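Following: one structure in structure tokens, then a few remarks.
In what follows, chains carry the letters A, B, and so on, assigned in the order in which the sequence lines appear, proteins first and then strands, with residues in each chain numbered from 1. A quick note: this is a predicted structure, and the numbers were derived from the prediction, not measured.
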There are 2 protein chains.
Amino acid sequence: MNMTTAEENYLKAIYHLSEGGTKSVSTNDVAAEMKTKPASVSDMLRKLGDKEVIEYRKYYGVNITEEGKKRALQTIRKHRLWEVFLVDKLQFAWDEVHEVAEELEHIQSPLLIQRLDAYLNYPKFDPHGDPIPDEFGDVRARPRVALNEMEIDQTGQIVAVKDSSAAFLRYLDKVGAYIGARIKVLDKVEFDGSLEILVDQKKTLFMSKDVAANILVIQS
Amino acid sequence: MNMTTAEENYLKAIYHLSEGGTKSVSTNDVAAEMKTKPASVSDMLRKLGDKEVIEYRKYYGVNITEEGKKRALQTIRKHRLWEVFLVDKLQFAWDEVHEVAEELEHIQSPLLIQRLDAYLNYPKFDPHGDPIPDEFGDVRARPRVALNEMEIDQTGQIVAVKDSSAAFLRYLDKVGAYIGARIKVLDKVEFDGSLEILVDQKKTLFMSKDVAANILVIQS
DNA sequence: TATTTTATTTAGATATATCTAAATATATTT
DNA sequence: AAATATATTTAGATATATCTAAATAAAATA
């Protein structure tokens, strides 16, 4: 059963909106995520329901099925592998890759993805630190904490950001933080929750609690 | 002015059908090339005419415009660069790449193609020996050599004959060589200058130096 | 040149993906 | 529980890309 590009994109959005919670995803939420109108979403939900990648009850939103989850994860896998390719091989900046990967993820060729995976040396994370599902949809589990929740003297490695807007990624780049950077919390100001961070054993930088809350870290 | 995938594919087909000749390309020819019906072609020709990438006179076929040629060459450039990537980097066989490249060529990102070109070291030919247009649509002019002047292991494509007598053409046909055939020099006998040639990756044939001197090849 | 054949276009369908406006179902408030 | 507000669906458009069948133009033939 083949899916169109539009169907794949909707399914991916529904998968992301489902993550974490167990509640149904509403038509309005999907419309907001897809930057389209609820009427268009209703049409698409009926189609995705017919294909049994979601369970759709009119007026009560949708739940993604196991089959749907598997398919969404395949699309996400392709997206993230292409991002690694763009950054590692074609020298794209990590904030330039999303749009292009959004197109590349819809190329239909299992062989291509298999070969690309091997060529990139089976990466487990994309340039934003998000995990790359394997060909069965399994994702390596790795606990992540927000940087603002770490205590003084704790160390770790930046692995992802919550807000991956281009503006935020540019900011990180500018101050010398990046996905993969080793960090240590040198100080926390109790008054406003701002932090002093040591990056890669050399650069010190200050950041507000709001910024730190957007940065995800694996503790070491 | 953006073009849809379907429009790009039609334009590419029209470009290929125009190559060489100066005559108009007929609706039926385009339909055959696109494996679709003449009625669908008529609709598309009107659209491409409106966009001024072709000149369309009802019932008299189409001629591609300079703008159309430029655009077709950009699509061809992308297609061939992706083919090089698939073969050189992802170990695809040369006969497995076409379909995937057919999808990849429609990805819209000038930066991607620029970087890919650099990453592949600015290749001038694709894995089938076809030239890759540069970003301005220019194709490297390729000198033609007589087949007897090629060395062992060199590859190329038969593009012309010096002696075009019917007898010689019949001979070529009989042995399975033809204008357009991909060839590789497998061996050269020093004693009499005769050659062993691989045609289209499958057929081996022997020819005298005199015959080889009559065959013109573009090397790849 | 009139007739027949072939090529091409037009008319009218179908399917996808979207939209706006109107209708309707569910949720919230009084 | 009725009235109001919000969320969602349906109805009816538009645009793309295709198709078959019918109409028509051009080319070939008698």
So, do B/H98 and B/H79 have ring centers that fall under 6.0 Å from each other? yes
Answer with base, sugar-phosphate or nothing: what part of the nucleic acid does B/S40 contact at a heavy-atom distance below 4.0 Å? base
Closest to the side chain of A/K37, out of C/dT20, D/dT18, C/dT26, is C/dT20
Between B/D29 and B/S26: side-chain donor-acceptor atoms closer than 3.5 Å: yes
note: A/L48, atom CG; C/dT16, atom P; distance rounded to Å ~ 12 Å
Can you see whether A/H128 engages A/E83 through a side-chain donor-acceptor pair at a distance of less than 3.5 angstrom? yes
Out of C/dT9, D/dA17, D/dT8, which has the shortest distance to the side chain of A/S26? D/dT8
Roughly how many Å is it from CZ in B/R46 to C1' in C/dT10, rounded to a whole number? 11 Å
Among A/K12, A/R80, A/R77, which residue satisfies the salt bridge (charged side-chain N to carboxylate O under 4.0 Å, His left out) criterion with A/E105? A/K12
From the set C/dT18, D/dA27, D/dT18, return the single nucleotide nearest to any side-chain atom of B/D43. D/dT18
Between CG of A/N28 and P of D/dT6 the distance, given in whole Å, is 12 Å
Per A/K47 side chain, nearest of listed nucleotides D/dT8, C/dT16, D/dA17: C/dT16
Send over the distance from B/L45 CG to C/dT9 P, rounded to a whole Å. 7 Å
Minimum-distance nucleotide to A/Y59 side chain [options: C/dT26, D/dA26, D/dC19]: C/dT26
Determine the contact category for A/A39: base if any of its heavy atoms lies under 4.0 Å from a base atom, sugar-phosphate if only primed atoms, P, OP1 or OP2 are that close, otherwise nothing. base
Which nucleotide sits closest to the side chain of B/T4: D/dT9, C/dT10, D/dT16? D/dT16
